[in-house]
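Presented below is the structure to which this report refers.
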Amino acid sequence: MVIERAAPRLLAVGLIIAALASCACGPRANPKPQTAARAVVWRPLGSWSGRGSLQTESFTSETGALRVRWETTLPSGGPERTALHKDDAPLAPGQFRLNAHSAISGRLLQPVVEQAGAGSGIGYVQQDPHVFYVVVESNQLNWIFTVEEAIGYP
């Protein structure tokens with residue numbers, strides 16, 4: 001008789017344990033959404049290369065956020081070269097400056113690069129959306145640069 005009374009009680013305890021176990025293994029009611037990694041997308045606006053000084057044509061940035069990838073190299077003939085090239089700016093030998101200007105007013109908006117000798121790097125411009133142009137001042141260096149605009153996040 002004791003076994004007959006304990007059987008319903010054991011059955012009830014077993015059902016409760018099974019219900020709790022199934023709830024623990026099931027999907028959660030409010031899972032946290034996973035955030036995707038955000039990365040900036042860069043759109044090319046132009047590339048220039050040369051020697052000496054240059055003013056680029058104007059270009060429009062809809063965001064005002066620009067990245068400038070640049071590189072300078074010594075001309076063939078090395079650092080002992082002393083004769084000036086016809087396009088060399090009146091700077092100390094081996095200097096390179098790159099500045100962002102307003103194509104509307106002509107004023108300097110932001111210095112981007114100032115480099116002595118061969119080198120490379122990335123400079124950034126952060127302005128309001130604008131029509132820009134770039135001025136390069138260089139002496140006895142070959143240079144190349146690319147301007148890209150940050151256009152958003154995927």
Side-chain angles (χ1 to χ4, degrees), residues 15-154:
L15 289 174
I16 291 172
I17 290 173
L20 290 174
S22 68
C23 290
C25 295
R28 296 179 187 230
N30 293 325
K32 285 189 173 186
Q34 292 182 347
T35 57
R38 292 176 53 162
V40 176
V41 175
W42 295 96
R43 177 174 62 107
L45 297 177
S47 289
W48 296 267
S49 62
R51 173 129 188 255
S53 296
L54 171 82
Q55 177 177 314
T56 67
E57 66 275 7
S58 61
F59 52 89
T60 301
S61 169
E62 296 174 10
T63 65
L66 304 177
R67 175 171 70 179
V68 180
R69 295 175 187 237
W70 61 272
E71 180 179 7
T72 58
T73 57
L74 295 171
S76 56
E80 66 279 352
R81 183 183 165 279
T82 57
L84 292 178
H85 186 272
K86 66 177 180 65
D87 292 332
D88 283 337
L91 298 172
Q95 295 293 309
F96 174 76
R97 287 189 201 131
L98 189 144
N99 296 313
H101 288 258
S102 167
I104 307 302
S105 68
R107 71 183 171 90
L108 172 66
L109 294 173
Q110 184 176 331
V112 182
V113 179
E114 185 151 346
Q115 170 70 23
S120 64
I122 299 175
Y124 294 93
V125 175
Q126 186 61 54
Q127 298 288 324
D128 290 331
H130 215 84
V131 181
F132 294 89
Y133 68 88
V134 171
V135 172
V136 172
E137 298 175 77
S138 178
N139 191 349
Q140 296 183 14
L141 289 173
N142 298 320
W143 48 260
I144 184 169
F145 67 94
T146 300
V147 177
E148 301 166 303
E149 173 181 29
I151 57 171
Y153 303 93

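We're numbering straight along the sequence, starting at 1. These numbers were taken from a predicted model, which means no experiment stands behind them.
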Checklist entry - Which pairs with one or both residues in residues 57-66 pass salt bridge (Lys or Arg N to Asp or Glu O under 4.0 Å), sequence neighbours excluded? => result none

Item to check | Minimum heavy-atom distance A100-V125, with the two atoms named | outcome: CB-CG2, 4.2 Å

Checklist entry - How would you list, by chain and number, every residue that makes a side chain to side chain contact (heavy atoms under 4.5 Å, CB included) with S47, sequence neighbours excluded? => result T146

Checklist entry - What residues, two or more places apart in sequence or in another chain, satisfy side chain to side chain contact (heavy atoms under 4.5 Å, CB included) together with T60? => result V131

List, one per line, each side-chain donor-acceptor pair under 3.5 Å for residues 104-112, sequence neighbours excluded.
unit_1, atom_1, unit_2, atom_2, d
S105, OG, S102, OG, 3.4
S105, OG, R107, N, 3.3
Q110, OE1, Q126, N, 3.3
Q110, OE1, Q127, NE2, 3.1
Q110, NE2, Y124, O, 2.9

Checklist entry - What residues form a salt bridge (Lys or Arg N to Asp or Glu O under 4.0 Å) with E148, not counting sequence neighbours? => result R67, R69

Checklist entry - Under a 4.5 Å cut-off applied to non-hydrogen side-chain atoms, are F145 and V113 in contact? => result no

Item to check | Gap separating the CG atom of L98 from the OG1 atom of T56, nearest 0.5 angstrom | outcome: 8.5 Å

Checklist outcome for this item: In this structure, CD of Q95 is separated from CG of N139 (nearest 0.5 Å) by 8.0 Å

Next on the checklist: Please report the interatomic distance CD1(I144) to CH2(W48), rounded to the nearest 0.5 Å.
Outcome noted: 11.5 Å

Item to check | Check against side-chain contact (heavy atoms from CB on, under 4.5 Å), I122 and V68 | outcome: CA-CA 5 Å; I122 299 175; V68 180; over 6 Å; no

Checklist entry - Nearest 0.5 Å, what's the CD-CZ distance between Q140 and F96? => result 15.0 Å

Checklist entry - Can you name the side chain to side chain contact (heavy atoms under 4.5 Å, CB included) partners of E114, sequence neighbours left out? => result R97

Item to check | Heavy-atom pair with the smallest gap, counting every atom of S138 and S53 | outcome: N-OG, 3.7 Å

Checklist outcome for this item: dist L54:CG -> W143:CH2 (nearest 0.5 Å) comes out at 4.0 Å

Next on the checklist: Going by side chain to side chain contact (heavy atoms under 4.5 Å, CB included), name the residues that satisfy it together with N142, two or more places apart in sequence or in a different chain.
Outcome noted: R51, T73, P75

Item to check | Residues forming a side-chain hydrogen bond (donor to acceptor under 3.5 Å, both in side chains) with S49, sequence neighbours excluded | outcome: none

Item to check | Geometric class of the H101/Y133 ring pair [parallel <30°, tilted 30-60°, perpendicular >60°] | outcome: parallel

Checklist entry - Among all residues two or more places apart in sequence or in another chain, which pass the side-chain hydrogen bond (donor to acceptor under 3.5 Å, both in side chains) test with E149? => result R43, S61, T63

